[in-house]
Amino acid sequence: MHHAIRIHEHGGPEVLRWEQVPVPSPGPGEALVRHAAVGLNYIDVYFRTGLYKPPSLPATIGMEGAGTVEAVGEGVTDIKPGDRVAYATAPIGAYAEFRTIKAERLVKLPDAISFETAAAMMLQGMTAEYLLLRTFKVQKGQTILIHAAAGGVGLIMCQWAKHLGCTVIGTVGSDEKAALARAHGCDHPIVYTREDFQAKVKEITGGKMLPVVYDSVGRDTFMKSLDCLAPYGMLVVFGNASGPVPPFELGILAAKGSLYVTRPTLATYTAKRDELAGSASALFDVVQKGAVKIEVNQRFPLKDAAEAHRALEARRTTGSTLLMP
Ligand SMILES: NC(=O)c1ccc[n+]([C@@H]2O[C@H](COP(=O)([O-])OP(=O)(O)OC[C@H]3O[C@@H](n4cnc5c(N)ncnc54)[C@H](OP(=O)(O)O)[C@@H]3O)[C@@H](O)[C@H]2O)c1
């Protein structure tokens, strides 16, 4: 037996239950991983509340972890017991001491990357990779806007965009978060809880506005994010921290300057094995050369996952958060 955090119904953090369940056996093509650390991500909140639906209940949520391979199923040749691995992928099941997972979704860890760093960065860091290098390929000299710049994805994106030669504008919920974002490559933090971020973007860009806005806040920022774009600009909506964006008139995009809107997900951008390997390798590269530092600013015992969810939803976390089995 081992322990897992399971939900039997959707709801607040209180539905996260620490339970004893049998250790699963790896089926064909699968590996059994003993987690050393599990990553906390905002998507875990969506699965808990029911905004995103697990295939069935009870369910173990969580999409990111790092640890050691304990056993492999039939047909697995690339991965062997003892390998140090990490992943950020569906299906859910990471909030547990052990889990089985398709071996082809695992990435072997370089010696220099610790389990904790891996569990803190795989999901948020590969997201930063595809957003900055593939969804909208940022160019040196461009000024870009990143919402929730002091968050998990936010701190990684600010550093990576700066490394790529961008001027980074970032929104944050407090002065402390502004200082943190600034220390991680954000040239112009805007405290959007008291300042009008669109007016600030206009001031900072001298009225030119932006080629791209990365928006993970969703409902509360969507319309103003469109107003931060220059003609032909792209709004990348990649999250719903304040709630999902309601349906809108497509004509708005014409009226505001022939704009583009996309709603990408890491699942698509890492669906093929070579995309997954390429994204992980780009992340390992920027982390190993020190261009991107992974800030683990909160740690909770896995059994206290509910506390971690409360902190994340109350905007009390910065950088990445680990759940320790
Ligand atoms: N599509 C993808 O592939 C993908 C992949 C990974 C993550 N995401 C999305 O990216 C976002 C960031 O994920 P993360 O795990 O790194 O979380 P996070 O940014 O560390 O935490 C969420 C942050 O959103 C901000 N926020 C603004 N309005 C909020 C509200 N009403 N309630 C709660 N938070 C609010 C808060 O920062 P301030 O206080 O500074 O406003 C909060 O700290 C999430 O929306 C997530 O779903 C998407």
Side-chain angles (χ1 to χ4, degrees), residues 13 38-49 51-52 61-64 88-90 94 119-136 145-160 169-182 184 186 189-195 197 213-222 224-225 235-245 261-271 275-276 279 283 294-298 308-323:
V38 171
L40 175 74
N41 292 286
Y42 220 93
I43 195 167
D44 306 343
V45 172
Y46 310 144
F47 274 105
R48 192 203 73 218
T49 59
L51 177 64
Y52 297 173
I61 61 170
M63 298 188 65
E64 177 179 44
T89 187
M121 78 175 183
M122 292 300 288
L123 199 147
Q124 296 166 347
M126 292 198 296
T127 298
E129 182 279 326
Y130 86 74
L131 291 173
L132 293 169
L133 299 173
R134 293 189 278 156
T135 303
F136 181 96
L145 172 62
I146 299 169
H147 283 302
V153 177
L155 279 189
I156 297 175
M157 281 189 84
C158 287
Q159 296 174 82
W160 205 327
I169 306 176
T171 59
V172 291
S174 68
D175 291 314
E176 296 72 34
K177 289 184 180 184
L180 186 69
R182 195 185 289 283
H184 290 81
C186 179
I190 303 170
V191 183
Y192 58 173
T193 40
R194 65 160 190 263
E195 292 175 294
F197 71 83
V213 174
Y214 293 103
D215 187 341
S216 64
V217 174
R219 186 176 56 205
D220 290 357
T221 44
F222 177 74
K224 269 207 174 154
S225 290
L235 174 57
V236 182
V237 180
F238 68 100
N240 332 286
S242 67
V245 174
V261 174
T262 182
R263 177 58 179 86
T265 165
L266 178 66
T268 317
Y269 281 84
T270 53
E275 293 166 335
L276 170 64
S279 188
L283 175 63
I294 303 302
E295 303 292 358
V296 179
N297 290 350
Q298 300 76 214
H309 277 224
R310 285 188 189 99
L312 185 61
E313 287 178 276
R315 303 165 79 160
R316 281 190 272 114
T317 65
T318 57
S320 304
T321 303
L322 289 178
L323 302 173

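When a ligand or atom number is given, it counts from 1 through the structure's own listing order.
- Residue Val217 approaches ligand 1 through these ligand atoms, each under 4.0 Å from one of its heavy atoms: 27 (C), 28 (N).
- Residue Leu123 places no N or O, backbone or side chain, under 3.5 Å from any N or O of ligand 1.
- Remark: ligand 1 and Leu266 share an N or O pair separated by less than 3.5 Å (distance only, no angle test).
- Scanning the protein for heavy atoms near atom 5 (C) of ligand 1, the closest one is Thr127 OG1, 3.1 Å.
- If you check which protein heavy atom lies closest to atom 30 (C) of ligand 1, you get Ala241 O, 3.4 Å.
- Using a 3.5 Å distance cut-off with no hydrogens or angles, the side chains of Tyr52 and Asn240 do pair a donor with an acceptor.
- Annotation: Tyr192 places an N or O atom under 3.5 Å from an N or O atom of ligand 1; distance criterion only.
- When only non-hydrogen protein atoms are considered, atom 47 (O) of ligand 1 lies nearest to Tyr46 OH, 2.8 Å.
- Closest protein heavy atom to atom 8 (N) of ligand 1: Phe238 O, 3.5 Å.
- When each atom of ligand 1 is checked for a heavy atom of Leu312 under 4.0 Å away, the hits are 21 (O).
- Counting atoms of ligand 1 from 1 in the listed order, those under 4.0 Å from a heavy atom of Asn41 are 15 (O).
- Looking at atom 42 (C) of ligand 1, its nearest protein heavy atom turns out to be Arg315 CG, 4.0 Å.
- If you check each of Tyr52, Tyr214, Tyr42, Tyr130 against atom 3 (O) of ligand 1, the one with the closest non-hydrogen atom is Tyr130.
- Nearest to atom 19 (O) of ligand 1 by heavy-atom distance, out of Gly151, Pro264, Pro189, Ser320, is Gly151.
- There is a side-chain donor-acceptor pair under 3.5 Å between Ser320 and Gln124.
- Under a 4.0 Å criterion applied to the non-hydrogen atoms of Arg263, ligand 1 contributes the atoms 1 (N).
- Considering both main-chain and side-chain atoms, Ile43 never comes within under 3.5 Å of ligand 1 through any nitrogen or oxygen pair.
- Looking only at protein heavy atoms, the nearest one to atom 7 (C) of ligand 1 is Val153 CG2, 3.7 Å.
- Side-chain contact annotation: His147 with Ser216, donor-acceptor N/O pair under 3.5 Å absent.
- The shortest non-hydrogen separation linking His184 to Cys158 is O-CB, 3.2 Å.
- For Ser216, a nitrogen or oxygen atom sits less than 3.5 Å from a nitrogen or oxygen atom of ligand 1, counting backbone and side chain alike.
- Each of the atoms 45 (O) of ligand 1 lies under 4.0 Å from some heavy atom of Asn240.
- The ligand atoms of ligand 1 that sit less than 4.0 angstrom from a heavy atom of Glu313 are 32 (N), 33 (C).
- What sits closest to atom 31 (N) of ligand 1 on the protein, heavy atoms only, is Ser242 CA, 3.5 Å.
- Summarising the geometry, atom CG belonging to Leu235 is positioned 9.0 Å from atom OG1 belonging to Thr262; distances are rounded to the nearest 0.5 Å.
- Given atom 37 (O) of ligand 1, the protein heavy atom at minimum distance is Lys177 NZ, 3.5 Å.
- Atom numbering of ligand 1 starts at 1 in the shown order; those under 4.0 Å from a heavy atom of Gly152 are 16 (O), 18 (P), 19 (O), 20 (O).
- One finds no salt bridge joining Arg182 and Asp175 here, because no Lys/Arg side-chain nitrogen approaches an Asp/Glu carboxylate oxygen to under 4.0 Å.
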